[in-house]
Amino acid sequence: MNNAKQKNSDIVYFTEDMVDDYTILVPPMFPIHERLLIPIMNGWGYHLKMMENSGEEVRRKGLKYCHNDTCYPAQVVIGEMMDVIESGEYDIHKIAFLITQTGGGCRASNYISLMRKALQNAGYSFIPIISFNFKSSLEQSGFKMPILMLYRMLYCVYFGDLLMTLKNQCLPYEKQKGETDKLVDYWIDEIAKRFAKEKNFSYIAIKKCYKDIVKDFEKIPLIKAEKPKVGIVGEIFVKFSPYGNNELEKFLINNGAEPVLGGVADFCLYCVSNGVTDYKLYRKNPIKAFGMYLGLKILMKKQKDVINIVKKHSHFREMTYFGDTMKASNNFISMGVKMGEGWLLTAEMLELCNSGINNIICTQPFGCLPNHIVGKGMMKAIKEKYPGANIVAVDYDFSSTQTNQENRIKLMLANANKA
């Protein structure tokens with residue numbers, strides 16, 4: 001069976017002898033970021049490819065191989081995975097799947113077990129699943145993460161946040177349709193080329209690249225119009241995944257609004273900050289906490305550099321600084337609330353209100369208890385401080401109709417237009 005090492009006779013791990021001839025399939029989650037990250041990883045000899053399947057077959061297979069009470073993002077990922085396997089597009093004995101894990105609850109612990117169970121039930125238990133995480137790695141794994149690769153991937157997150165932010169501020173207003181998407185595509189290719197071409201892509205060159213991107217977006221002719229800005233917060237999968245949220249950003253733009261999203265870097269910084277919080281609350285792992293503290297400061301400084309370039313060289317609204325997001329949660333929710341998106345979800349809603357963006361969609365997987373508590377459960381407290389807050393919680397699930405979701409959003413937009 002492909003010389004794969006096994007553990008407990010039912011789990012097959014991705015080994016070094018698989019690297020050359022296996023295709024590693026990645027669930028689509030961050031449309032821009034993954035297009036930047038995948039070429040970086042492929043530069044180290046892997047063959048990663050983002051899955052692009054969606055539609056009724058994904059839904060049907062997600063429900064077939066996953067209990068209907070299971071978390072919606074898990075249903076989507078398992079549906080995509082099973083649909084790809086049964087599509088005939090790949091040699092199923094030469095593929096593996098990769099899933100990100102954060103090391104806590106929900107996505108971090110349950111998804112990989114659910115995926116393996118689905119493969120086993122369908123007779124595909126010989127297909128490896130790779131856990132992409134920073135807390136531990138399986139000894140049997142052939143998927144290595146060299147420091148230089150992680151270094152470049154880190155900057156791809158900042159590049160992705162920058163492109164996403166500028167794109168959403170141009171698309172609703174562009175005079176010539178398609179110009180924004182064309183520029184996004186150009187810069188995704190250009191960044192990948194620069195990382196591949198320059199062995200040591202210096203930080204000076206990276207900051208110059210930020211500046212060049214901003215200046216290019218400044219050249220896009222935009223109409224002058226006042227449109228309601230709508231913040232999107234929520235569980236990370238349904239917040240960012242177009243298939244997971246039924247193309248929410250596109251829906252808002254088509255209905256005369258401008259979508260506003262916090263960056264992927266914010267979620268990464270949230271995960272790092274939780275290591276510092278563990279020490280403050282429980283005096284847990286002081287050495288690790290000190291490393292997390294230093295890492296947090298360095299990463300926040302790099303985020304600040306991107307923000308300052310946007311401020312200095314454009315008229316665009318800059319991304320939110322994570323330090324301000326942390327401060328926004330003061331007196332509302334403890335930073336010890338870390339399950340799911342935890343305090344970050346509440347803080348993002350507060351930061352939007354602080355920025356004058358009162359229209360907010362809180363995207364939630366149906367039945368996701370942690371995110372209902374820190375999302376829907378905090379709305380009353382937020383509205384008491386910000387009476388003008390126009391917040392709607394939208395549940396996403398295969399059993400929820402898209403029409404119902406869109407009607408709730410349209411009602412929120414009607415209130416936004418009145419305001």
Side-chain angles (χ1 to χ4, degrees), residues 29-30 33 37 40-41 99-112 130-139 141 143-161 203 206 233 235-237 239-240 262-308 319-348 350-351 370-371 374:
M29 187 169 169
F30 310 112
H33 298 71
L37 292 166
I40 297 296
M41 289 186 273
I99 184 169
T100 55
Q101 294 190 279
T102 54
C106 301
R107 158 175 287 274
S109 56
N110 296 334
Y111 281 27
I112 199 162
I130 302 164
S131 168
F132 186 96
N133 69 83
F134 299 104
K135 292 207 169 185
S136 63
S137 60
L138 298 169
E139 291 180 3
S141 176
F143 189 82
K144 308 297 182 185
M145 294 185 285
I147 294 297
L148 183 57
M149 183 177 89
L150 292 174
Y151 170 81
R152 295 187 176 192
M153 290 175 70
L154 165 69
Y155 288 111
C156 283
V157 173
Y158 292 123
F159 276 121
D161 284 352
Y203 192 50
I206 285 170
V233 301
E235 191 274 334
I236 190 167
F237 181 86
K239 174 183 175 181
F240 288 109
V264 175
D266 288 49
F267 185 80
C268 298
L269 290 166
Y270 158 76
C271 294
V272 175
S273 72
N274 285 342
V276 181
T277 301
D278 282 343
Y279 178 73
K280 288 180 179 177
L281 294 178
Y282 314 116
R283 290 295 183 261
K284 186 179 175 183
N285 297 329
I287 296 174
K288 177 184 173 183
F290 181 69
M292 290 285 197
Y293 173 79
L294 289 179
L296 184 64
K297 293 297 179 185
I298 292 168
L299 295 175
M300 287 171 63
K301 170 64 172 64
K302 291 186 180 297
Q303 185 190 49
K304 192 75 170 178
D305 289 342
V306 185
I307 290 169
N308 288 338
M319 301 86 81
T320 302
Y321 177 54
F322 187 72
D324 295 335
T325 303
M326 285 195 293
K327 289 176 186 174
S329 65
N330 291 347
N331 303 319
F332 273 87
I333 189 169
S334 167
M335 293 187 79
V337 180
K338 301 182 297 165
M339 184 60 71
E341 276 54 47
W343 62 265
L344 177 66
L345 202 163
T346 304
E348 285 187 331
L350 290 163
E351 181 57 33
N371 282 296
V374 297

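Numbers for residues simply follow the sequence, beginning at 1.
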Would you call Asp266 and Thr325 a side-chain contact if the rule is heavy atoms closer than 4.5 Å? yes
How long is the straight-line distance from CZ of Phe237 back to OG1 of Thr100, given to the nearest 0.5 Å? 10.0 Å
Please confirm whether the backbone N or O of Val264 pairs with a side-chain atom of Asp161, one donor and one acceptor, at under 3.5 Å? yes
Relative to each other, are the rings of Phe240 and Phe30 parallel, tilted or perpendicular (30° and 60° limits)? perpendicular
Evaluate the criterion side chain to side chain contact (heavy atoms under 4.5 Å, CB included) for residue pair Asp278 and Met292; output intermediate values, then yes/no. CA-CA 10 Å; Asp278 282 343; Met292 290 285 197; over 6 Å; no
Where is the tightest heavy-atom contact between Gly160 and His33, given as atom of each residue plus distance? C-NE2, 3.2 Å
Any non-hydrogen side-chain atom of Tyr158 less than 4.5 Å from a side-chain atom of Asp305? no
Mind checking the CE-CG spacing from Met153 to Leu148? Nearest 0.5 Å is all I need. 12.0 Å
So Met149 and Met41, do their side chains get closer than 4.5 Å, heavy atoms only? yes
Test side chain to side chain contact (heavy atoms under 4.5 Å, CB included) applied to Leu344 and Phe267, step by step: CA-CA 8 Å; Leu344 177 66; Phe267 185 80; 4.1 Å; yes
A side-chain contact here means heavy atoms from C-beta on lying under 4.5 Å apart; do Ile40 and Tyr151 qualify? no
For the side chain of Tyr270 and the backbone of Lys338, is there at least one donor-acceptor N/O pair under 3.5 Å apart? yes
Note, Ile236 side chain near Met29 side chain (heavy atom, < 4.5 Å): yes
Throw together a table of side-chain donor-acceptor distances under 3.5 angstrom for residues 328-336, partners on residues two or more places apart or in other chains.
| residue | atom | partner | partner atom | Å |
| --- | --- | --- | --- | --- |
| Ser329 | OG | Met326 | O | 2.8 |
| Asn330 | ND2 | Lys327 | O | 3.3 |
| Ser334 | OG | Gly336 | N | 2.9 |

Classify the ring geometry between Tyr293 and Phe290 as parallel (under 30°), tilted (30 to 60°) or perpendicular (over 60°). parallel
State whether Tyr279 and Arg283 meet the cation-pi test: NZ (Lys) or CZ (Arg) under 6.0 Å from the six-membered ring centroid, and within 45° of the perpendicular axis. yes
Please step through side chain to side chain contact (heavy atoms under 4.5 Å, CB included) for the pair Ile130 and Ile99, ending with a clear verdict. CA-CA 6 Å; Ile130 302 164; Ile99 184 169; over 6 Å; no
I'd like to know whether Leu154 forms a side chain to side chain contact (heavy atoms under 4.5 Å, CB included) with Leu299, so could you lay out the CA-CA distance, the side-chain angles of the two residues, the decisive distance to 0.1 Å, and finally the verdict. CA-CA 9 Å; Leu154 165 69; Leu299 295 175; 3.5 Å; yes
Centre of Tyr203's six-membered ring, under 6.0 Å away, within 45 degrees of the axis: is that where NZ or CZ of Lys302 sits? yes
For the SG atom of Cys156 and the CD1 atom of Ile206, what is their distance to the nearest 0.5 Å? 9.0 Å
For Glu348, give me all partners under salt bridge (Lys or Arg N to Asp or Glu O under 4.0 Å), at least two apart in sequence or on another chain. Lys239
Closest non-hydrogen contact found for Ala265 with Gln303 is CB-NE2, 4.4 Å
Can a side-chain donor-acceptor contact be found between Asn371 and Glu235 if the only test is distance below 3.5 angstrom? no
Given 3.5 Å as the limit, does a donor-acceptor pair link the side chain of Glu351 with the main chain of Thr320, or not? no
Looking at every heavy atom in both Met145 and Leu150, which two are closest together, and how far apart are they? O-CD1, 3.7 Å
When rounded to the nearest 0.5 Å, the distance separating OG1 of Thr277 from CH2 of Trp343 is 7.0 Å
Is there a side-chain contact between Phe322 and Lys304, using heavy atoms and a 4.5 Å cut-off? no
